[in-house]
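Before any comments, here is the structure.
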Amino acid sequence: MADIGIIGAGSWAAALSLLLHENGHRVCIWSALPEEIEQMRRTRSHGMLPDIRFPEEIEFTEDLSLAMKDRDLLVLAVPSVYVRRTAASMEPFCRLGQRIVNVAKGIEESSLKTLSEIIGQEIPQADVAVLSGPSHAEEVSRSLPTTCVAA
């Protein structure tokens, strides 16, 4: 069992947190928006995925250091426009060799860098991977078959 921090709280983050929990991992979801975390903690649901219920074992926090501390794996699941800013905020709490899996799609418009390049710039001590696929949060949250690729 791995201890996993999900950095972001959108529909893709929520779906992946359910999948990881169902596969026996401990999961903590972080959002920069305290009201978003409080709503998910209180209702055990996600506004964009109304059919799901978060199990009681899934934790929620607005404290980035707590979301990252002693985690075996971090899943960076923020929209691509926030990847650089979020990665820069993560850097002080990231240990050498920390595994970070980016699940956002896109490139940075101003630099044309891939998101994994941006993460590498902002968190040079991390070991960065990418998870992508022709998949949707709605499918994953309902445990429907889909395809993903990790690199």
State, yes or no, whether a side-chain contact exists between [X] and [Y] at a heavy-atom distance under 4.5 Å.
X      : Y      : value
Ser80  : Ile107 : no
Ser111 : Glu117 : no
Leu76  : Val101 : no
Val27  : Leu16  : no
Val83  : Glu108 : no
Val128 : Ile123 : no
Val103 : Ser132 : no
Pro55  : Glu22  : no

Quick one: do [X] and [Y] end up in the same hydrophobic cluster if we chain Ile, Leu, Val, Met, Phe, Trp and Tyr together by side-chain heavy atoms under 4.5 Å apart?
X      : Y     : answer
Leu49  : Val75 : yes
Ile100 : Val78 : yes
Ile7   : Met48 : no
Ile52  : Ile6  : yes

Going from [atom1] on [X] to [atom2] on [Y], what distance comes out if it is rounded to the nearest 0.5 angstrom?
X      : Y      : atom1 : atom2 : result
Ile29  : Phe60  : CD1   : CZ    : 4.5 Å
Tyr82  : Thr86  : OH    : OG1   : 9.0 Å
Ile118 : Ser110 : CD1   : OG    : 7.5 Å
Glu57  : His25  : CD    : NE2   : 14.5 Å
Lys105 : Leu131 : NZ    : CG    : 9.0 Å
Phe93  : Asp70  : CZ    : CG    : 13.5 Å

Are the side chain of [X] and the backbone of [Y] linked by a donor-acceptor contact shorter than 3.5 Å?
X     : Y      : result
His46 : Ala9   : yes
Glu91 : Gln125 : no
Trp30 : Glu62  : yes
Arg53 : Thr43  : yes
Arg44 : Met40  : no

Checklist entry - Salt-bridged, Glu122 to Arg84, with N to O below 4.0 Å? => result yes

Contact summary for [X] and [Y], nearest pair of heavy atoms:
X      : Y      : result
Phe54  : Ser17  : CE2-OG, 3.6 Å
Leu74  : Met68  : CD1-CE, 3.7 Å
Leu115 : Gly106 : CG-O, 3.3 Å
Ala88  : Pro92  : O-CD, 3.6 Å
Asp72  : Arg99  : O-CB, 4.1 Å
Asp127 : Gly97  : CB-O, 4.0 Å

Next on the checklist: Using the rule given for side-chain contact (heavy atoms from CB on, under 4.5 Å), can you reason through Ile4 versus Arg71, listing the C-alpha separation, both sets of side-chain angles and the distance that settles it, and then say yes or no?
Outcome noted: CA-CA 5 Å; Ile4 301 172; Arg71 305 293 175 180; over 6 Å; no

Checklist entry - CZ of Arg95: more than 12 outside heavy atoms within 6.0 angstrom? => result yes

Checklist entry - Is it the case that Asp63 and Ser65 place a side-chain donor and acceptor less than 3.5 Å from each other? => result yes

Item to check | Which residues share a salt bridge (Lys or Arg N to Asp or Glu O under 4.0 Å) with Glu139, sequence neighbours left out | outcome: none

